[in-house]
Amino acid sequence: MVKIKNEGVLLVISSPSGTGKTTICKKLIEYDKNIHLSVSVTTRKKRKNEVEGKDYYFKTKKDFLNLKSENSFIEDAFVFENYYGTLKSEVLENLKNGIDVLIDIDWQGTRQITKAMKGKLIKIFLLPPSINELKKRLSKRNSDSIKEINFRMSRALQEIKHYDEYDYVLINDNLDKTFRDILKILETERLKLFRQTYLFDFVKKLNLI
Ligand code: 5GP
């Protein structure tokens, strides 16, 4: 049996909120221990159910800007009066060690990472099955005001406009099917030649070079 050591797959999943992205990301990391979900840094306040180091690294603006000046981010953005950034340390070392990295960010962050990672990024976009379904999902939380729901809806529509910047676009009308489709994408991408770094030595040993 050949011992395989690949370079990890870098996977971005974007979608408007209310499309099941968070659920799918959680399912992926539970199912496959070789996938790391990148934890972003943010300056926004921690919400009640959030855990430091699991949902985000919560930092002051000063600490965030220090990290930025130290060139610690692959990408960063100012979203709704808060800073967000993807740490190089969450991504690069893992990929080198053969661990797949999943990043859950919006189209703006995806554009920056595409540039930084020069063709190595696999981009998946999830669409809701319909606008009515999206509205229903965005209105689920009883505590939300109409104004809040409309705001989320207009953000969601803005995000959807960028679907064609992605490699794979999936309509998430069945969570299990979407999950299986993403696994298929991941498994295929793992087989790409540039990620199978062990192959060069392997072929050498076959005396073909
Ligand atoms: P929330 O504060 O609700 O968790 O996220 C607000 C927005 O920030 C979402 O659209 C989310 O995709 C985006 N976001 C979260 N982490 C990052 C990140 O590391 N970089 C960028 N560019 N956006 C992020």
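These values consider heavy atoms only, across backbone and side chains, with no hydrogens, waters or symmetry-generated copies. Each ligand, and each atom within it, is numbered from 1 in the order the structure gives.
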Do me a favour and list the nearest non-hydrogen protein atom to [atom] with residue, atom name and distance?
atom: atom 7 (C) of ligand 1; result: Val79 CG1, 4.0 Å
atom: atom 20 (N) of ligand 1; result: Glu75 OE2, 2.7 Å
atom: atom 12 (O) of ligand 1; result: Asp106 N, 3.6 Å

salt_bridge([X], [Y]) N-O dist < 4.0 Å:
X: Arg195; Y: Glu189; result: yes
X: Lys26; Y: Glu30; result: no
X: Asp55; Y: Lys46; result: no

>> Just by distance, no angles: are the side chains of Tyr57 and Thr42 close enough, under 3.5 Å, to form a donor-acceptor pair?
In response: no
> So is Lys68 actually on top of Phe73's ring, under 6.0 Å and inside 45° of the axis?
Replying inline: no
Which ligand 1 atoms, with their elements, are less than 4.0 angstrom from a heavy-atom of [X]?
X: Ala77; result: 22 (N)
X: Arg44; result: 1 (P), 2 (O), 4 (O)
X: Gly109; result: 22 (N)

>> Does the protein come close to atom 24 (C) of ligand 1 - that is, does one of its heavy atoms sit below 4.0 Å from that atom?
In response: yes
>> Within the structure, is a non-hydrogen atom of Arg155 found at a distance of less than 4.0 Å from ligand 1?
In response: yes
> At the 4.0 Å heavy-atom cut-off, does Arg111 count as touching ligand 1?
Replying inline: no
